[in-house]
Amino acid sequence: MKLTQILTLLNISSSASARTPFNHHISNRALLNIRGGDAENPDSSGSYHGNYISPVNEVPKAGQQVATSTTVISPPSHVVTPPPIQAATAAAAVVSTQNNKLSNFQERAPPALLMLGATYFILRFLGQKGVIGLVLAMQLAMYSESTAVVSNYNKDKDASEGQIVSFGVQKWWWFATALMATSGRSLLPKFTSLSIDGLNLIIFGMIAVSLVGAVIQLAMISNDNADAIYRSYLGKLSCCHFALLFLLGQSSYWINTVQEYGIAWVLFPAFLVIVNDTMAYVFGVLLGKHKLLPRLSPKKTVEGFVGAGISTCAVAVPLLKSMVAKDTPNLVRHAVIMAFYVSLVSPFGGFLASAVKRAHGAKDFGALIPGHGGVVDRFDCQVVTAPFVYLYLKNFLSQSSE
């Protein structure tokens with residue numbers, strides 16, 4: 001008799017109490033046969049001796065080994081994963097996540113150091129003119145990246161429905177017009193003989209040309225998809241003008257600040273944003289558990305946001321003291337107020353940029369900076385800070401040239 005058959009009948013016996021008396025009697029008879037008893041004699045019993053089954057009172061034959069009584073435990077009907085294995089699996093997942101974040105940090109660090117080195121070189125050897133040139137180059141790059149994201153998203157739709165051929169020319173005409181109205185207003189009167197009134201007239205003329213040209217182009221569309229082309233054109237026009245307002249309009253305040261208050265007041269808030277962004281990443285890696293805005297920016301955490309704010313406020317005063325004259329009136333107040341703005345408001349520039357990327361299916365605005373994406377990805381929080389700094393200094397700090 002095989003052991004599996006014995007286990008089967010033992011299981012039958014263990015559930016016999018829940019059966020009818022007739023079934024209970026049958027189970028006992030079956031077990032009695034297995035154990036070596038007399039099935040016809042209910043009072044007899046048996047015992048198991050290794051591979052030999054005999055009645056209890058029978059003496060084993062020579063050469064037969066007598067086994068002691070054995071308790072058989074039925075195997076469980078299902079297997080449950082032990083808690084230690086589950087804990088080990090969770091720990092492995094945490095370690096994997098930490099390794100990915102560390103790898104990402106290692107990828108981002110060298111380009112960031114390279115950018116800081118290039119900025120130092122520009123400031124050291126070119127001064128204010130270098131800052132102004134850098135701002136103009138950034139404005140060009142940011143506008144190109146942001147409009148390219150929208151164009152790439154609509155590429156297939158434009159190919160099937162059609163588009164206005166001159167849209168590329170118009171896009172850059174709008175850029176030139178906005179540049180004249182923002183940064184040009186600060187630069188041209190200073191470096192040329194052009195007056196503000198003359199500049200305003202030129203800007204108005206550029207706007208008029210843009211308006212007339214756009215309407216003529218729309219009127220020339222005569223195919224059956226005219227309505228769809230109108231919608232596509234107006235949607236892209238809105239995106240371009242939003243980019244001009246959000247990126248060019250705000251970043252032009254850097255030029256105003258550096259001309260009226262010096263390089264230090266451009267660098268100080270820029271360093272605060274860098275500290276805030278870096279510490280948000282560090283605290284997010286080490287302590288981040290609660291998502292801040294999961295639909296817009298899944299990697300940002302509440303712990304990172306709070307930790308970055310505390311860190312930014314902690315370094316603000318000593319940082320500003322090292323960059324401006326010690327006798328600057330209300331220096332501590334200036335540092336704290338700018339640190340609060342950078343901590344509470346500037347990150348929302350990044351959140352808005354994340355919403356734009358998510359809406360257009362883009363991971364980054366560009367690939368110019370390895371590990372960081374494009375210029376917009378790196379300066380989305382910086383441009384939100386620029387107008388506040390200038391307007392704050394205009395109202396609460398006496399003008400002083402570097």
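We number each residue from 1, following the sequence as shown. Here the structure is a predicted model, which is why all the values come from computation and not from measurement.
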Which pairs pass salt bridge (charged side-chain N to carboxylate O under 4.0 Å, His left out) with one or both residues in residues 231-259, sequence neighbours excluded?
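Residue pairs with at least one partner in residues 231-259: Asp158-Lys236.
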Please assess Phe305 against Lys300 for the test side-chain contact (heavy atoms from CB on, under 4.5 Å), listing each intermediate value before the final yes or no.
CA-CA 7 Å; Phe305 186 83; Lys300 299 297 193 307; over 6 Å; no
Taking atom types as modelled and ignoring hydrogens, do the side chains of Gln139 and Ser183 form a donor-acceptor contact shorter than 3.5 angstrom?
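Their side chains do contain a donor-acceptor pair, which is all the 3.5 Å distance test asks for.
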Verify whether one side chain among Tyr233 and Gln170 offers a donor that lies under 3.5 Å from an acceptor in the other.
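Distance-only check passes for Tyr233 and Gln170.
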Going by the angle between their ring planes, with limits at 30° and 60°, are [X] and [Y] parallel, tilted or perpendicular?
X	Y	value
Phe396	Tyr392	tilted
Phe167	Trp174	perpendicular
Trp265	Phe268	perpendicular

[atom1]/[X]: more than 12 non-hydrogen atoms of other groups inside 6.0 Å:
X	atom1	value
Tyr153	OH	no
His290	NE2	no
Phe340	CZ	no
Asp224	CG	no
Tyr143	OH	yes

Sub-3.5 Å donor-acceptor pair from the side chain of Asp277 to the main-chain atoms of Val273, do we have one?
no
Under 3.5 Å donor-acceptor, Glu303 side chain and Gly284 backbone:
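Judged by distance alone, no pair lies under 3.5 Å.
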Are Val266 and Val389 close enough, and set up right, to give a side-chain contact (heavy atoms from CB on, under 4.5 Å), and what steps lead you there?
CA-CA 8 Å; Val266 174; Val389 172; over 6 Å; no
To the nearest 0.5 Å, what is the distance between [atom1] on [X] and [atom2] on [Y]?
X	Y	atom1	atom2	result
Thr328	Arg333	OG1	CZ	12.5 Å
Ser311	Asn276	OG	CG	8.5 Å
Thr385	Leu272	OG1	CG	8.5 Å
Leu199	Arg185	CG	CZ	5.5 Å

Are side-chain heavy atoms of [X] and [Y] found at a separation under 4.5 Å?
X	Y	value
Leu187	Leu136	yes
Phe388	Tyr253	no
Phe351	Asp380	no

For Asp377, give me all partners under salt bridge (charged side-chain N to carboxylate O under 4.0 Å, His left out), at least two apart in sequence or on another chain.
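Asp377: salt bridge (charged side-chain N to carboxylate O under 4.0 Å, His left out) contacts with Lys357.
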Does the pair Phe246 and Val384 meet the rule for a side-chain contact (heavy atoms from CB on, under 4.5 Å), with working shown?
CA-CA 8 Å; Phe246 186 79; Val384 178; 3.9 Å; yes
Give the C-alpha distance, both sets of side-chain angles, the deciding distance and a yes or no for side-chain contact (heavy atoms from CB on, under 4.5 Å) between Leu134 and Trp254.
CA-CA 10 Å; Leu134 182 61; Trp254 279 323; over 6 Å; no
